[in-house]
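Below: one structure, written as structure tokens.
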Amino acid sequence: MRDFKTYIFDLDGTLLSTLNDLASSTNYALRWAGMPERTIEEVRMFVGNGVKILMERAIPEGVNNPKFEETYAKFREHYMEHNLDTTRPYDGVPELLHELKRRGKHLAIVSNKFYAATQDLAKHFFPDTIEVAIGERENIRKKPAPDTVLEALRQLNVSKEDAVYIGDSDVDIMTAKNCGLPCISVLWGFRDKDFLIEHGGSLFVEKPIEILSRL
């Protein structure tokens, strides 16, 4: 691996363990609507493409369900109040970010989580290391489109030539490819190695410190 100057990170499943809070808010909304609840493993496979698609997958008949919009709104309302209940950085992540920062690297988050939650979580957990945090919003296409990553690079005022993308899912692999960036796939997140290999993953780390040790 090269000694990159800019590190663009996915959020859920890469920097933060968010699955339990996502599942809790999903099931709160489903209970409110009188719909069947989902298991943790089901929610694990539903995430990665943004919370609206998470709810499309969780709600019977998806967007065709007449209660979809109300149930999705209940999810968002609950998640904004409870996204810190059990969410925490993965072991070794804060130390990785601080060491990268100490080495003068540029650090950003690009997520398909909605914008307000992405900003809140970045400011809460990584106020001294993450310079830019971009989430899903109406005027920019979400991953795997390259738009959010390119916007992060623009806000950092850096070139993509010395940048790397780091994530835990097939969406992240596709995002990096669409941006023309190398991709590091982490194995502590929401997808396993075999799944990632099937979707084009080729460079893997099992612990955050390995990102440093390979430089």
Side-chain angles (χ1 to χ4, degrees), residues 1-2 4-19 22 43-57 89-90 93 96-97 100 105-119 121-122 126 129-206 208 210-211 214:
M1 280 169 53
R2 290 160 39 204
F4 299 101
K5 294 180 180 178
T6 302
Y7 291 73
I8 309 291
F9 291 92
D10 170 55
L11 185 59
D12 294 41
T14 301
L15 296 181
L16 293 181
S17 175
T18 58
L19 186 59
L22 287 167
V43 175
R44 180 192 299 275
M45 296 309 296
F46 292 163
V47 299
N49 295 90
V51 291
K52 187 167 187 178
I53 292 182
L54 160 62
M55 293 308 291
E56 286 180 22
R57 293 166 174 166
Y90 288 101
V93 162
L96 166 67
L97 297 181
L100 288 172
K105 310 303 183 182
H106 296 289
L107 308 179
I109 289 170
V110 169
S111 176
N112 277 344
K113 185 186 293 291
F114 48 95
Y115 196 87
T118 301
Q119 291 274 306
L121 290 168
F126 313 116
T129 50
I130 296 296
E131 300 167 60
V132 170
I134 297 174
E136 181 183 2
R137 60 189 190 196
E138 290 185 2
N139 62 344
I140 191 167
R141 293 185 299 168
K142 64 185 180 182
K143 302 182 297 184
D147 304 38
T148 49
V149 173
L150 297 178
E151 174 62 13
L153 294 170
R154 187 192 68 78
Q155 290 188 26
L156 290 169
N157 195 28
V158 297
S159 164
K160 73 175 186 178
E161 303 308 318
D162 294 305
V164 62
Y165 186 90
I166 302 166
D168 72 303
S169 74
D170 51 319
V171 174
D172 295 312
I173 294 167
M174 292 170 62
T175 301
K177 182 179 179 180
N178 290 338
C179 296
L181 296 181
C183 182
I184 300 172
S185 295
V186 308
L187 298 180
W188 56 80
F190 297 160
R191 303 289 187 267
D192 63 30
K193 188 173 184 178
D194 288 342
F195 179 92
L196 294 170
I197 290 172
E198 288 175 11
H199 289 82
S202 59
L203 181 59
F204 306 96
V205 291
E206 294 183 353
E210 294 178 18
I211 294 172
R214 293 194 182 192

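Keep in mind that the numbers below use all heavy atoms, side chains included, and drop hydrogens, waters and symmetry copies. Keep in mind it's a predicted model, so treat the numbers as computed, not measured. Position 1 is the first residue of the sequence; numbering continues from there.
Look at Asp10 and Lys143 and you find a salt bridge, because one of the NZ, NE, NH1 or NH2 atoms lies within 4.0 Å of a carboxylate O, short of that distance.
In this view, Phe195 and His199 satisfy the ring-ring contact (aromatic ring centres under 6.0 Å, His included) rule, not counting sequence neighbours. Residues meeting the side chain to side chain donor-acceptor pair (under 3.5 Å) test with Ser169, sequence neighbours left out: Asp172.
Thr18 is not listed as a side-chain neighbour of Val47, based on a closest heavy-atom distance of 4.5 Å or more. In this structure the side chain of Leu107 never reaches within 4.5 angstrom of the side chain of Phe126, judged on heavy atoms. Proximity of Glu131 to Leu156: side-chain heavy atoms (C-beta onward) are separated by under 4.5 Å at one or more points.
Side-chain atoms of Thr14 come within 3.5 Å of backbone atoms of Asp168 as a donor-acceptor pair (strictly under, hydrogens ignored). Of the possible donor and acceptor atoms, none in the side chain of Asp147 sits under 3.5 Å from a partner among the backbone N and O of Ile140. With Arg137 contributing its side chain and Lys142 its backbone, the two residues share no donor-acceptor pair below 3.5 Å. Using modelled atom types, one side-chain atom of Gln119 and one backbone atom of Ala133 make a donor-acceptor pair closer than 3.5 Å. At least one donor-acceptor pair under 3.5 Å links the side chain of Asn178 to the backbone N or O of Pro144.
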Subject >> Worked check of side-chain contact (heavy atoms from CB on, under 4.5 Å) between Phe9 and Leu96 >> reply: CA-CA 12 Å; Phe9 291 92; Leu96 166 67; 4.3 Å; yes
Original post:
Taking it one step at a time, do Ile173 and Ser185 satisfy side-chain contact (heavy atoms from CB on, under 4.5 Å)?
Top reply: CA-CA 8 Å; Ile173 294 167; Ser185 295; 3.7 Å; yes
**OP:** Take Leu54 and Asn49 through the test side-chain contact (heavy atoms from CB on, under 4.5 Å) and record every step on the way to the result.
**Re:** CA-CA 7 Å; Leu54 160 62; Asn49 295 90; over 6 Å; no
**OP:** Tell me, with the steps shown, if Leu121 and Lys113 meet side-chain contact (heavy atoms from CB on, under 4.5 Å).
**Re:** CA-CA 10 Å; Leu121 290 168; Lys113 185 186 293 291; 3.6 Å; yes
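For the pair Lys160 and Leu181, the tightest heavy-atom approach, listed with the atom from each and the gap, is O-CD2, 3.4 Å. The minimum heavy-atom distance linking Ile109 with Ala122 is given by the pair CD1-CB, 4.0 Å. Scanning both residues, Phe4 and Asp162, for their nearest heavy atoms gives CB-O, 3.5 Å. In terms of heavy-atom proximity, Val149 sits nearest to Tyr165 at CG2-CE1, 3.8 Å. Scanning all heavy atoms of the two residues, the minimum distance from Gly135 to Thr118 falls at CA-OG1, 3.6 Å. Across all non-hydrogen atoms, the minimal contact from Leu153 to Ala163 is CD2-CB, 4.1 Å.
Of the inter-residue distances, the one linking Ile130 atom CD1 with Tyr7 atom OH reads 12.5 Å to the nearest 0.5 angstrom. The structure places CD1 of Ile8 at 9.0 Å from CD1 of Ile166, a figure rounded to the nearest 0.5 Å.
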